[in-house]
There are 2 protein chains.
Amino acid sequence: MGDYPSPDMADVELVDVLKALGDPVRLRIVDKLADGEPKPKTLDGWGLDLTKSTMSHHFRTLREAGLTRTIVHGRTHAIQLRRDELDQKFPGLIEAVLGER
Amino acid sequence: MGDYPSPDMADVELVDVLKALGDPVRLRIVDKLADGEPKPKTLDGWGLDLTKSTMSHHFRTLREAGLTRTIVHGRTHAIQLRRDELDQKFPGLIEAVLGER
DNA sequence: GCGATAGTTCGATGGCTGTCGAACCATTCG
DNA sequence: CGAATGGTTCGACAGCCATCGAACTATCGC
């Protein structure tokens with residue numbers, strides 16, 4: 001049973017969010033998720049040259065930190081930024097982090 | 001020759017700022033610096049039960065990440081958030097991080 | 001059912017990092 | 001000068017973490 005629980009936003013701590021964002025790979029991933037739409041994990045456009053297992057590790061870290069949710073769809077997974085909830089809990093944070101582009 | 005160089009804000013990378021903030025001790029320190037005033041490193045009010053050397057390590061990390069500057073004043077040091085520069089380079093970030101209090 | 005595909009998990013490895021105590025450095029004050 | 005004070009630096013240590021390859025799980029399509 002593939003089960004990919006995201007924490008309740010009430011339990012999400014700012015410091016853990018910041019720690020998750022304080023890695024170049026994960027910051028990049030979050031950046032690609034900026035528009036709020038779910039993106040397949042297989043996306044070529046991550047622009048990252050990493051193994052499947054390493055990507056999986058980062059996806060998990062983001063999810064457990066409360067930044068993303070995983071949407072299972074058959075044998076493929078999509079990942080989505082929890083934009084609304086994050087904006088409510090940490091106003092301005094996501095926007096600031098996605099800043100310049 | 002006590003020299004405590006802060007990096008040029010132009011060279012400061014967002015991911016390094018986030019990494020520096022992604023630690024409970026340093027997030028706390030930054031929080032205490034919120035008002036922009038220099039605070040003595042000896043401040044009792046940090047609320048942290050750590051050794052001198054450990055505090056020194058965190059102060060250095062914050063400075064090298066571009067978050068703070070050190071002001072030497074005789075044999076005492078003060079630390080100050082680089083609020084204006086940070087606001088200009090990463091609009092909204094500091095405010096979002098200082099959020100709830 | 002069987003092969004292929006999407007993804008996770010596990011174990012190993014090397015590097016980074018938070019913490020401490022002790023030694024050291026610089027400045028002030030008597 | 002000499003002692004006390006504020007801080008840094010160094011070495012050691014333990015725990016964490018990014019990365020990889022290999023093994024495993026589950027689903028789709030023939």
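Just so it is clear: chains get the letters A, B, ... in the order the sequence lines come, proteins before strands, and each one is counted from 1.
- Side-chain atoms of A:L21 and B:L21, non-hydrogen and from C-beta on, never get closer than 4.5 Å to each other.
- In this structure, A:G74 and B:R63 both approach DNA chain D, and ranking their closest nucleotides by distance from the 5' end singles out B:R63.
- When rounded to the nearest whole Å, the span between NE2 of A:H57 and C1' of C:dT13 equals 14 Å.
- Minimum heavy-atom separation, A:I29 to A:L62: CG2-CD1, 3.8 Å.
- At a threshold of 4.0 angstrom between heavy atoms, the contacts of B:S53 include nucleobase atoms, whether or not backbone atoms are also involved.
- Heavy atoms of A:T76 sit under 4.0 angstrom from primed sugar atoms or phosphate atoms, though from no base atom.
- Going from atom CZ of B:R60 over to atom C1' of C:dG18 covers 14 Å, rounded to whole Å.
- A straight line from NE2 of B:H73 to P of C:dT28 spans 10 Å, rounded to a whole angstrom.
- Counting to the nearest Å, the P atom of C:dT5 and the NZ atom of A:K52 are 11 Å from each other.
- Between A:T54 and D:dT19 there is no side-chain polar atom (N or O) within less than 4.0 angstrom of OP1 or OP2.
- Straight-line distance from the CZ atom of A:F59 to the P atom of C:dA6: 14 Å, rounded to whole Å.
- Candidate nucleotides D:dA18, D:dG7, D:dG21 were compared by shortest atom distance to the side chain of B:T42, and D:dG7 ranks first.
- Within the structure, a side-chain polar atom (N or O) of B:R26 is placed less than 4.0 Å from OP1 or OP2 of C:dG18.
- Going from atom CE of A:M55 over to atom P of C:dT9 covers 15 Å, rounded to whole Å.
- You'll find that the side chain of B:R75 is closest to C:dT27, out of C:dT27, C:dT9, D:dA18.
- The residue B:H58 sits close only to the backbone: its heavy atoms come under 4.0 Å of sugar-phosphate atoms, none of a base.
- Rounded to whole Å, atom P of C:dG18 lies 10 Å from atom NZ of B:K19.
- In terms of heavy atoms, B:K19 sits closest to A:G22 at CE-O, 3.3 Å.
- In this structure, A:H77 reaches the sugar-phosphate backbone alone: every heavy-atom distance under 4.0 Å involves primed, P, OP1 or OP2 atoms, never a base.
- In this structure, A:L50 places its CG atom 15 Å from C1' of C:dG7, rounding to the nearest Å.
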